[in-house]
Structures are given as C-alpha cells and as structure tokens.
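Reckoned from all heavy atoms, side chains included, excluding hydrogens, waters and symmetry mates. Note that the numbering runs from 1 along the sequence shown for the chain. Here the structure is a predicted model, which means the values were calculated and not measured.
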Amino acid sequence: MSSANSSFILQLTHSIMKNYLLFLLLILSPQFSFGQEVAAHVFELIDLDYPGLEKVKKNYNEGNLDFALDELLSYYRGRQGINHPDIDLNQLSLSPRELKIADEGLKHQFFVHKGYQPSFFYGEDIDWTYWPVKDNELRWQLHRTKWWQPMGKAYQVSKDEKYAKEWTLQYLDWIYKNPLLSSSSASTEEVSSGELASVENVRFAWRPLEVSHRLQDQTIQFLLFQDSEYFTPAFLSQFLCNYHKHAEHILGNYSQKGNHLLFEAQRMIYAGAFFPEFKQARTWRSSGISILNREIKKQVYADGMHFELDPHYHLAAINIFAKAIRVADANGFRNEFGADYLSTVEKMIEWVINCHFPNYTNPMFSDAKQDTKQEMLKNYQEWEKIFPENLSIRYMASDRQRGAAPEHLSKAFLSSGFYVFRNGWTEDAIQMTLKAGPPAFWHSQPDNGTFELFIKGRNFFPDSGSYVYAGSAEVNKQRAWFKQTRVHNTLTLNRENMSQCDSKNLIWDRTTHHIERLVYENPSYEGLTHRRSVFFVDQSFFILVDEAIGEAEGKVAIHYNLCEGDFKLDNSKHRINSEFEDDNNLVLQVFSSSSMAVLKEEGWVSYAYRQKAARDSFAFELEKKDKSTVRFISVILPTTKPEHLPKIKASFIRTQADELQVQVQINKKKYRVGYRTSEFNVY
C-alpha cells in the first residue's frame with residue numbers, strides 16, 4: 001500500500017471516530033424513535049404538577065413532546081428558588097491549572113488522578129475501560145469525570161462553545177459505552193463479548209461511590225452548561241434520564257458502612273434538593289438525611305473522631321456532614337436533621353483544631369495524605385459559616401487574627417485514642433500527637449503507639465503515610481511497605497506487623513505543667529504487650545519509656561522514622577541528632593539496661609499519593625530471651641546548634657511489678673518520672 005493511500009485511510013479513520021459522536025447526538029434527538037422513547041420517559045419521571053411546569057404539562061398532555069421538552073429546558077434556564085451552596089455563577093474564576101485540565105480534556109487527555117501526571121490519553125474514540133497502570137483508584141476515578149467541571153468553568157468564563165460541544169459528546173459517549181448491566185444478563189448465549197466487557201466495567205463505572213460523585217458534580221455541570229447551544233432539549237432528556245438512573249441506583253445499592261456510605265447519602269441529599277421536580281426527589285433527600293442522622297451516631301466516637309481513625313477520612317467525614325447542612329440551609333430544610341447532629345460535627349472540627357499541627361498540616365496516621373495550610377484555611381472558613389459563634393473555629397479560619405485559641409493546651413481523646421501534648425497554639429509551639437486507640441477499619445494501619453512531633457515549624461517524626469491504595473500485585477506490594485509496623489514510630493517484635501490494635505489508656509495526667517503523663521498499653525503480639533509511657537517535661541522535652549511485657553521471645557525494637565534532612569548517628573552513645581542550619585534541631589538518645597543494637601533501616605515518607613521521599617529511619621533493638629520485661633528509655637530534646645549538644649543520662653531507678661521510676665539527667669539537672677499501677681484506670 002502506498003504512503004498516500006495509508007495517509008488517506010488514517011485521515012478517514014480519524015474523521016469517522018471524531019464525528020460518530022455527532023451522529024450519536026443526532027440519533028438521540030426526539031426526531032428518532034430512541035430519542036422519542038427517552039423524551040417520553042422523562043415525563044414519566046417528573047412531577048408535572050410541580051410549580052413552574054404548567055406549560056410543560058400542557059404541551060405534554062396535548063402530545064407535543066418536542067414543545068414540552070423546549071418548555072422544560074426554558075424552565076430550567078430560568079428556574080428560581082433552588083440554591084446551590086457550592087457555586088456562584090456571578091463570582092466564577094478559572095485558574096491556570098483548571099484551564100489546563102479543561103483543554104487537555106478536549107483532546108481526551110483526562111485528568112483522572114493527581115497522583116498520575118501528566119494525564120493519560122484515552123483515545124480519539126474514548127476507551128472507558130483503559131487501565132494504563134493497574135491501580136484500582138485510576139480505574140475507579142476515571143468514572144468520576146473530574147475534568148468535566150473545569151470544562152464547564154472554561155465555557156462559562158470564555159463562552160467558547162467548543163467546551164460545551166465536547167462535554168455533551170463525552171457525556172453521551174459515557175452513557176452509550178457504560179450501560180448498567182447485571183452479571184446475570186451476561187450469562188445468556190446472546191450476549192456479545194463487548195457486552196461481557198461492559199458487565200466487567202460495571203464494578204468500576206457503577207460502583208455507588210463513583211455514581212455519587214457524578215450525582216453531585218453533575219448538579220454543578222448542569223448550571224455551567226445549560227445555556228449552551230449544545231445543551232439542547234434532546235440532550236436535556238438524556239441528561240435527566242441518566243441522572244435519575246444514577247440516583248435510583250444508589251437508592252437500591254448503598255454501601256454497607258463507612259465513608260462510602262456517608263458520601264453516597266450526602267450526595268443523594270444534593271440530588272433531591274437540586275432536582276425537586278423529580279417524583280422521587282423527596283425520597284432521595286429523605287433517604288440521605290435519614291442515613292446521615294443514623295450514621296453520625298454510629299461512625300463518630302463520643303470524643304468527635306471518625307471511627308476509621310484516619311485524619312484524612314475524618315476530614316472528609318466532617319465535610320460530608322457539613323455539606324449536607326449547607327445545602328439544607330440554602331434550601332430551607334435544616335430542621336430535618338437531628339438535634340445533636342450539629343453538636344457532633346462541631347466536636348469533629350474541634351478534634352482537627354487540637355490534633356492538627358500549628359502550621360495547619362495534619363498527622364499522616366493510617367492512609368492520610370498531608371493537607372496544606374491553604375486547603376485547611378478554606379475548610380475552616382466554610383465551617384465558620386455553620387458555627388459563627390465558635391471562637392476557636394474563627395481563630396483558625398482567620399489565621400489567628402480573630403476569635404480566640406482554645407483555653408486548654410494538651411488534650412486527650414479517650415474514646416478514639418488520640419493524645420496531644422502542646423505548649424502553645426502558634427507556629428513556634430511544640431506539639432506531639434500520638435495515636436493509640438481501638439481497632440479500626442481498612443484505612444487504618446497496624447501502628448498503635450506511633451506519634452508525630454512538631455517543633456517550631458518542623459515535623460521531626462512524620463508518619464510514613466500510605467503512598468498508594470490497591471490494584472495489581474506490584475501496587476499492593478507498594479502499599480504493604482508503607483503499612484508495616486516498623487515504618488511507624490512504635491515497637492515491633494521480630495520486625496513483624498503487630499497482630500492487634502486495641503490500646504487501653506492507663507493514665508492521662510495533666511495535673512501540673514512540670515510533668516504531663518500518658519501511659520497506655522496495647523496487646524501488640526501474641527504473648528507480648530507494649531506499654532508506652534510518655535512524659536512531657538516542663539512543656540519543653542519528652543521522655544518515653546517503652547516496655548515489652550509477656551512471655552514472647554525474639555528481637556524487640558523501637559523504631560524512629562525521621563523527617564527529610566541531615567541526621568547524625570553516634571552509635572557509641574545510641575544518639576541521633578539533626579543538623580539543620582536554622583537553629584531548630586533535636587537530639588534523640590535511647591537507653592536500656594541491656595545490650596542494645598542500633599540499626600539504620602530503609603526509610604520513606606509519602607505526603608501525597610504516589611509521591612515519596614527518602615528519609616533516615618533507625619531501630620533500637622534488644623534480645624528478649626524469656627518472659628522478663630524488656631525496657632527502653634528515649635529522651636527527645638529540642639536543641640539549637642548541633643555542635644552544642646547537651647549531655648544526657650538516663651537509668652531505671654525502680655522496675656517493680658507495681659511501680660516504674662526513671663531518672664533522666666540533662667547536663668546537671670535531674671528529673672524523675674514514672675508511674676504506680678495503683679494509678680491505672682480500671683476497665
């Protein structure tokens with residue numbers, strides 16, 4: 001075949017692929033039978049007695065479907081009284097990043113996940129089953145169609161119809177290529193191989209969480225695109241039928257529990273509030289409200305923490321509950337939420353105020369990613385609209401310019417097992433946040449007892465994070481590395497993952513600022529309980545005592561995973577110190593009554609999905625040969641210049657069954673800390 005012929009065939013193929021969707025849009029118009037069926041179906045779904053639809057009803061009753069659709073579109077374009085809390089078309093802006101996403105979307109280079117950039121190309125003829133990297137999140141999140149909203153904003157700002165044209169074509173293409181098929185329908189001999197592939201695709205395209213994403217986002221897309229010449233009456237009929245199918249699918253397929261269920265319920269409220277013309281709108285809204293009223297009592301501990309014990313999903317849960325209130329306030333149905341609903345949301349926000357660090361970043365326990373100050377200020381500002389009288393929320397929302405800091409400093413969240421030691425609320429403060437709570441769910445990790453320590457603007461012990469979620473064997477292997485117990489700041493036996501996370505608080509004592517105490521224990525391994533005591537001394541430094549109690553034998557180690565930067569190990573003194581040039585440093589020195597080895601380990605930290613950085617990690621290891629208890633003392637002391645390290649000594653004064661006493665000497669000053677078992681909480 002000549003090169004000229006090859007070029008002609010290539011151009012012809014490209015033209016067919018590019019224009020078949022225009023043909024698809026044409027055949028779905030009311031002039032064709034399938035379009036007529038869809039148009040007729042729309043009027044079965046809508047309550048034609050809804051105020052404002054009088055002309056629509058008149059034309060429909062007279063058999064004029066075309067005119068009825070015209071009137072329906074006119075109604076939506078001029079509709080009043082339905083308010084959307086998440087967008088204001090009169091104050092719309094488009095960032096350079098959003099414009100890039102929109103323009104790439106025109107070329108089918110879809111922004112699916114910020115962890116996979118640059119975005120992948122999904123073909124001239126869009127392949128909604130394309131899986132370029134075998135990470136489940138990449139496949140699921142394709143069907144959240146995140147690039148459609150930037151395309152809508154680009155259209156509104158520029159009024160360039162190319163964005164609206166491409167959105168309508170992609171929207172119809174998604175409907176055409178992602179039918180909602182059941183697995184039973186694929187068991188018949190008549191089903192084609194293509195339909196079998198569509199059945200496999202259902203678990204990604206029609207998972208209720210992804211459906212709920214589209215259900216929420218398409219309320220905004222509807223507003224952004226509805227004035228376009230491409231948003232025709234025919235397209236409106238397709239949109240409304242597809243939207244109704246989405247809501248009904250969730251109604252019959254809610255997730256069983258967890259954050260997925262919360263997301264789905266909140267977005268059903270949006271569906272019912274934004275499209276009250278549907279006959280089922282009240283059912284959708286009531287369903288979502290009922291679930292949130294029920295689940296806020298089941299999924300949130302008495303101290304305000306979400307039961308997945310993950311700061312990232314805790315924040316997501318707050319915003320779910322808060323968004324439900326905002327759409328209710330905007331449309332006048334707040335009274336449908338329970339009396340204690342708001343107070344619980346307020347408690348959840350107070351957890352964030354306490355446990356996040358003074359620079360607005362969050363501890364990365366479990367699967368949490370790190371939020372930025374800009375993101376958190378925006379969150380606080382939205383929460384302040386709901387709780388305008390809360391001075392602490394106002395304080396955080398204003399970047400400490402208004403309102404007032406909480407009156408307390410250190411705080412314990414005893415139900416969920418989070419503990420905070422702090423000496424102030426500004427960015428020059430010292431703060432330790434420690435996690436030691438009850439069992440949690442999939443997003444939690446085997447990390448009980450881990451902590452992060454923030455000193456004057458630097459987090460010296462960031463948690464390892466999660467890096468990636470799930471997918472192929474290779475992706476799962478990457479996830480497993482970041483989950484393992486030894487990459488958290490806690491204790492291991494033979495470097496294995498702890499088999500149980502179910503910590504019990506034994507002492508939380510803040511009776512004096514001289515020494516604040518936390519003692520907890522966790523049955524980490526069969527035959528071994530980890531007891532950790534934390535002493536915040538003079539609100540300036542920490543003494544940690546770790547005890548491995550029980551009959552189990554093997555190598556017991558405590559692990560410290562440090563931030564990126566320069567750290568120096570003095571193996572002879574079992575001492576590590578940082579060497580930053582900004583006079584914000586620390587020294588960590590570990591002591592034991594037995595012979596101890598210091599091992600440098602592989603270390604990584606992940607602040608965002610599929611991003612990681614190397615960092616120093618160390619294990620201090622002892623041999624446990626019998627049922628005798630193995631103990632470590634760690635002193636963590638803020639310092640300034642690395643060449644001026646203090647002289648630190650520490651020893652066990654008393655290790656009886658009912659009492660532990662430790663002496664620490666910093667230069668010439670001595671401190672004694674400990675506990676008696678008679679002080680322990682009784683369970």
Side-chain angles (χ1 to χ4, degrees), residues 21-77 79 82 143 145 167-182 185 195 198 202 205-206 208 211-212 214-219 221-222 225-226 228 230-253 267-268 270-285 287:
L21 284 175
L22 291 173
F23 174 72
L24 178 62
L25 182 57
L26 176 65
I27 67 169
L28 292 181
S29 70
Q31 283 75 22
F32 288 80
S33 60
F34 183 68
Q36 289 278 19
E37 290 176 7
V38 173
H41 185 50
V42 165
F43 297 113
E44 295 173 4
L45 306 178
I46 289 177
D47 176 9
L48 294 177
D49 291 321
Y50 190 84
L53 298 181
E54 292 80 11
K55 292 181 180 179
V56 178
K57 180 178 180 180
K58 180 177 182 297
N59 279 285
Y60 175 74
N61 288 340
E62 292 174 355
N64 298 321
L65 289 184
D66 293 356
F67 290 125
L69 273 179
D70 287 342
E71 292 292 348
L72 186 59
L73 181 55
S74 295
Y75 161 80
Y76 277 117
R77 284 175 171 170
R79 186 174 66 166
I82 304 300
H143 296 284
T145 58
W167 175 71
T168 55
L169 295 178
Q170 289 183 19
Y171 192 95
L172 293 172
D173 189 65
W174 190 94
I175 294 174
Y176 178 69
K177 293 177 181 173
N178 294 280
L180 179 54
L181 302 175
S182 66
S185 68
E195 288 174 314
S198 294
V202 164
W206 287 94
V211 176
S212 75
R214 298 192 296 271
L215 200 69
Q216 175 174 274
D217 291 353
Q218 286 178 21
T219 59
Q221 292 156 24
F222 187 88
F225 286 115
Q226 67 178 354
S228 166
Y230 288 96
F231 202 113
T232 64
F235 179 81
L236 174 65
S237 66
Q238 300 295 325
F239 181 96
L240 292 177
C241 285
N242 182 56
Y243 194 89
H244 188 278
K245 181 188 292 186
H246 276 54
E248 287 295 289
H249 180 65
I250 294 176
L251 192 64
N253 296 276
R267 290 156 179 171
M268 286 289 276
Y270 267 56
F274 189 76
F275 286 111
E277 301 86 3
F278 281 118
K279 294 175 182 176
Q280 281 286 86
R282 169 61 73 171
T283 299
W284 300 339
R285 194 176 92 186
S287 172

Using side-chain heavy atoms (C-beta onward) and a distance below 4.5 Å, is [X] in contact with [Y]?
X	Y	answer
Tyr243	Thr219	yes
Leu240	Tyr76	yes
Leu72	Tyr60	no
Phe231	Leu73	yes
Leu181	Trp206	no
Leu172	Phe235	yes
Asp173	Leu169	no
Leu251	Gln280	yes

In Å and rounded to the nearest 0.5 Å, what is the [atom1] to [atom2] distance from [X] to [Y]?
X	Y	atom1	atom2	answer
Ile250	Lys245	CD1	NZ	13.5 Å
Gln238	Thr168	CD	OG1	11.5 Å
Ser287	Met268	OG	CE	5.0 Å
Leu45	Glu277	CG	CD	12.5 Å

Main chain of [Y], side chain of [X]: is a donor-acceptor contact present, judged purely on distance under 3.5 Å?
X	Y	result
Lys279	Glu44	yes
Ser74	Asp70	yes
Trp284	His244	no
Glu54	Gly52	yes
Asn253	His249	yes

Side-chain donor-acceptor contact under 3.5 Å, Gln221 with Tyr171 = no
message = Once you measure the plane-to-plane angle for His246 and Trp174, does it fall in the parallel (<30°), tilted (30-60°) or perpendicular (>60°) bin?
response = tilted
request  = On the 0 to 90° scale, with breaks at 30° and 60°, tag the Phe239-Trp167 ring pair as parallel, tilted or perpendicular.
outcome  = tilted
Determine the minimum heavy-atom distance between [X] and [Y], stating which atoms define it.
X	Y	answer
Leu215	Arg267	CD2-O, 3.6 Å
Val42	Ser237	CG2-O, 3.4 Å
Pro179	Val202	O-CG2, 3.7 Å
Ala273	Ile82	O-CG2, 3.6 Å
Arg214	His143	NH1-O, 2.8 Å

query = What residues, two or more places apart in sequence or in another chain, satisfy side-chain contact (heavy atoms from CB on, under 4.5 Å) together with Ala281?
reply = Phe278
key: Pair Glu62 + Lys58: basic N to acidic O under 4.0 Å   = yes
key: Arg79 to Phe274 six-membered ring, cation-pi geometry met (6.0 Å, 45°)   = yes
ask   = Is it the case that more than 12 heavy atoms not belonging to Tyr75 sit under 6.0 Å from its OH atom?
value = yes
